[in-house]
**Q** 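Before I ask anything, let me first share the structure, which is written out below as structure tokens.
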Amino acid sequence: MSEKINPFKMAQQQFDEVAEQMGLEKAVRDMLRWPMRQFKFQLPVRMDDGSIKVFFGFRVQHNDARGPAKGGIRFAANETVDTVKALATWMTWKCAVADIPLGGGKGGAVVDPATLSTGEKERLCREWIDAVWKNLGPRNDVPAPDVGTTAQMMGWMMDEYSKLRGEYVPGVITGKPVGGGGSRGRTAATGFGVVVTIREAMKHLDIDPRGQTASIQGFGNVAQYAARTFIEMLGGKVICVSCWDNNDKTAYTYTKMDGIDPYFLQGITDEYGTINREEAESAGYLVEDGDAWLYKDVDVLIPAAVEGVITGENVENVSEEVKILAEGANGPTTLEADAVFKERGTFVIPDFLCNAGGVTCSYFEQVQNDMNYYWTEEEVLDKLDHNMAQAFNSVLETALEKGLYMRDAAYWVAIARVEKAMRLRGWV
Ligand code: NAD
């Protein structure tokens, strides 16, 4: 079994490799290998039984040369500062490759939110803001939801920050509920953006999208909207999706060779993205092993569930028919599997480009908060389509111009944009 890699070391290694190719000067490398600022704090929370329990929290601002730091807050029992530092670094690259004027940040608390009552969760959220609010703000650092945190929690956090500032400041945090400062279109944004990048890849590869087939891992937020958009925007056919089943503690693939109906499946899926197996079976879906989605003869593979699922071992069984790998999830492909795709010439749309629709829509939320004027869902998705297509095409151009693999080109574009902003500000 391979040793668990420290995620921050991995983020540094990825950066070092591209920095070397780009010939970046030492001062730039020294700055970008490390977060600019990191905060660690205690979170004493009054529990329902009257006792005080002390949790620990973090906020890391990796780089804010291009604009305020941006990134989620994770509440997880196994949260570590190294995970948060790595995720903050990746946010810098994601915002830069999406070309939105934001930097990279991430935060968290070491807690399993499922063990807390609603009141305890609210007090923890308010405490988190109390601990770090002086370093946050629409012009400094703008958090968002992530693993273990919800739109309601963002609402409490925004309220706490506004109370401390003595004014309504909705733009301090994104991912708020619609009607409470949130943006329309946010739920669809990431899956929608994934398909915009697939559409642009097909244009480049001269593939007619109509009738193209896809296989998707996951049936949560990203996967559901990727499936709908693949069918509705491209005229394609999704032949399977997969999900984790909490009752059986195992994953299943749901296949229909003439095309799944995402609306029907959404109707029988719970809030955690678990499809009701009996109902799917009675509707004629073939239920297979959790990894069956990966071995289908399809044109497009869309991992949109969890990290590290396409590995050196299973990649050999991926069909040669697959033309595009669109990484909806973060980090679905291990380094060994990536090397195989590179060798085979599979067109890979790397995660931080492919799934940047979510953060782009968060940026739109902040813009709407600033104006105090809200767009319709159609306007939001139109703007998102434009941004994602541009982001994809600037990476493609760099890949073609410099003969780079798409993942390396995406890093190149992102790092070059951050370096430029640092130079323009006179930091290096
Ligand atoms: P989610 O929790 O809504 O859904 C996750 C889905 O994956 C569920 O259907 C779950 O059953 C399934 N799943 C979990 N383990 C599985 C397994 N072993 N095999 C098959 N299915 C499995 O999560 P989400 O918001 O859709 O996020 C999915 C991925 O996309 C994550 O990597 C996340 O970091 C990334 N991402 C999400 C967003 C966003 O806006 N939601 C933005 C950027 C990146």
Side-chain angles (χ1 to χ4, degrees), residues 1-24 29 32-33 83 86-87 89-90 93-94 97 194 197-198 200-202 204-205 207 214-218 242 290-356 392 395-416:
M1 190 124 135
S2 67
E3 199 190 321
K4 190 154 173 29
I5 308 165
N6 176 318
F8 183 58
K9 287 226 166 79
M10 197 169 119
Q12 284 187 317
Q13 254 174 30
Q14 287 166 338
F15 168 74
D16 289 343
E17 278 167 30
V18 185
E20 190 60 35
Q21 283 179 334
M22 294 173 75
L24 280 190
R29 290 189 202 202
L32 290 175
R33 292 189 88 238
T83 313
L87 292 164
T89 309
W90 287 322
W93 311 142
K94 188 182 285 197
V97 87
V194 165
T197 65
I198 295 172
E200 295 302 304
M202 286 183 175
H204 162 65
L205 298 170
I207 297 171
S215 167
I216 301 182
Q217 186 189 34
S242 70
D291 55 358
W293 73 278
L294 186 57
Y295 309 130
K296 300 284 180 193
D297 289 329
V298 286
D299 303 295
V300 186
L301 278 183
I302 310 178
V306 283
E307 69 285 351
V309 291
I310 311 180
T311 65
E313 280 131 50
N314 62 24
V315 70
E316 297 300 343
N317 298 325
V318 170
S319 166
E320 296 280 347
E321 280 186 29
V322 171
K323 300 177 193 112
I324 297 172
L325 173 74
E327 296 182 332
N330 283 320
T333 312
T334 65
L335 292 175
E336 297 79 33
D338 201 37
V340 173
F341 287 127
K342 203 171 186 172
E343 172 77 30
R344 273 193 197 177
T346 309
F347 192 91
V348 173
I349 310 173
D351 51 3
F352 65 109
L353 167 64
C354 191
N355 67 33
F392 175 91
V395 172
L396 178 65
E397 236 170 69
T398 302
L400 296 175
E401 199 183 289
K402 300 190 186 300
L404 294 172
Y405 184 52
M406 278 294 279
R407 194 183 309 279
D408 297 340
Y411 271 111
W412 187 299
V413 167
I415 293 170

**Q** Working to the nearest 0.5 Å, report the span between CD of Q14 and CD of Q12.
**A**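 The CD atom of Q12 is 10.5 Å from CD of Q14, to the nearest 0.5 Å.
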**Q** Can you tell me how far apart CD (Q21) and CD1 (I415) are? Round to the nearest 0.5 Å.
**A**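 The CD1 atom of I415 is 9.0 Å from CD of Q21, to the nearest 0.5 Å.
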**Q** Does any part of the side chain of L294, heavy atoms only, come nearer than 4.5 Å to the side chain of Q217, both counted from C-beta?
**A**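 No, every pair of side-chain atoms sits at 4.5 Å or beyond.
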**Q** Looking only at heavy atoms, which two atoms of V194 and G328 are closest? And how far apart?
**A**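 Scanning both residues completely, I find the closest heavy atoms to be CG2-CA, 3.9 Å.
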**Q** Is the gap between the ring centers of F392 and H204 under 6.0 Å?
**A**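 Judged by ring-centre distance (under 6.0 Å), F392 and H204 do not meet the cut-off.
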**Q** Verify, without hydrogens or angle tests, whether T333 (side chain) and I310 (backbone) share a donor-acceptor contact under 3.5 angstrom.
**A**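 Not at all, since once roles are kept as given, no pair shorter than 3.5 Å links the two residues.
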**Q** After noting the C-alpha distance and the side-chain angles of D351 and R407, does the key distance pass the side-chain contact (heavy atoms from CB on, under 4.5 Å) rule?
**A** CA-CA 8 Å; D351 51 3; R407 194 183 309 279; 4.1 Å; yes
**Q** Does any non-hydrogen side-chain atom of D338 lie less than 4.5 Å from one of Y405?
**A**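 Yes, close enough: below the 4.5 Å cut-off.
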**Q** What verdict does the side-chain contact (heavy atoms from CB on, under 4.5 Å) test give for E200 and L396, after you've listed the backbone C-alpha separation in whole Å, the side-chain angles of each residue and the deciding distance to 0.1 Å?
**A** CA-CA 10 Å; E200 295 302 304; L396 178 65; over 6 Å; no
**Q** Would you give the length of the straight line joining atom CG of L353 to atom CH2 of W93, rounded to the nearest 0.5 angstrom?
**A**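 Rounded to the nearest 0.5 Å, the CG-CH2 separation comes to 15.5 Å.
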**Q** Under 3.5 Å, side chain of D299 to main-chain N/O of K323, donor-acceptor pair present?
**A**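 Checked: no pair found.
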**Q** With side-chain contact (heavy atoms from CB on, under 4.5 Å) as the test, would you mind laying out the steps for I216 and W293 before giving the verdict?
**A** CA-CA 7 Å; I216 301 182; W293 73 278; over 6 Å; no
**Q** What distance separates L32 CG from F15 CZ, expressed to the nearest 0.5 Å?
**A**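 Answer rounded to 0.5 Å: 4.5 Å.
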**Q** Among R33, R29, K9, whose salt bridge (charged side-chain N to carboxylate O under 4.0 Å, His left out) with D16 holds?
**A**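 When R33, R29, K9 are each tested with D16, the salt bridge (charged side-chain N to carboxylate O under 4.0 Å, His left out) holds only for R33.
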**Q** Backbone N or O of G218 within a donor-acceptor pair of the S242 side chain at under 3.5 Å?
**A**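 Yes, S242 side chain to G218 backbone: donor-acceptor pair under 3.5 Å.
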**Q** Take E320 and R344 through the test side-chain contact (heavy atoms from CB on, under 4.5 Å) and record every step on the way to the result.
**A** CA-CA 8 Å; E320 296 280 347; R344 273 193 197 177; 3.9 Å; yes
**Q** Which pair of heavy atoms, one from F341 and one from V318, lies closest together, and at what distance?
**A**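 Closest heavy-atom pair between F341 and V318: CE2-CG1, 4.3 Å.
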**Q** Show the nearest heavy-atom pair for residues N314 and V309, with the distance to one decimal.
**A**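 For N314 versus V309, the nearest heavy atoms are ND2-O, 2.9 Å.
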**Q** For a quick test of reading the model, state the closest non-hydrogen atom pair linking V97 to F352 and the distance between them.
**A**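 Shortest heavy-atom separation between V97 and F352 comes out as CG1-O, 3.5 Å.
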**Q** At their closest point, which heavy atom of K94 faces which heavy atom of N355, and how far apart are they?
**A**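 For K94 versus N355, the nearest heavy atoms are NZ-OD1, 2.7 Å.
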**Q** Quickly, which of I207, I198, L205 forms a side-chain contact (heavy atoms from CB on, under 4.5 Å) with F347? Name it, please.
**A**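 Looking at I207, I198, L205, the match for F347 under the side-chain contact (heavy atoms from CB on, under 4.5 Å) is L205.
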**Q** Could you give the distance from CG (L24) to CH2 (W412), rounded to the nearest 0.5 Å?
**A**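 CH2 of W412 is found 8.5 Å from CG of L24.
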**Q** Rounded to the nearest 0.5 Å, what's the gap from SG on C354 to CD1 on I302? Could you check?
**A**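 It is 7.5 Å, given to the nearest 0.5 Å.
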**Q** Under 3.5 Å, is there a donor-acceptor pair between the E336 and T334 side chains?
**A**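 Yes, T334 and E336 have a side-chain donor paired with an acceptor closer than 3.5 Å.
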**Q** What's the shortest heavy-atom distance between I324 and I349, and which atoms?
**A**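 Taking every non-hydrogen atom into account, CG2-CD1, 3.9 Å.
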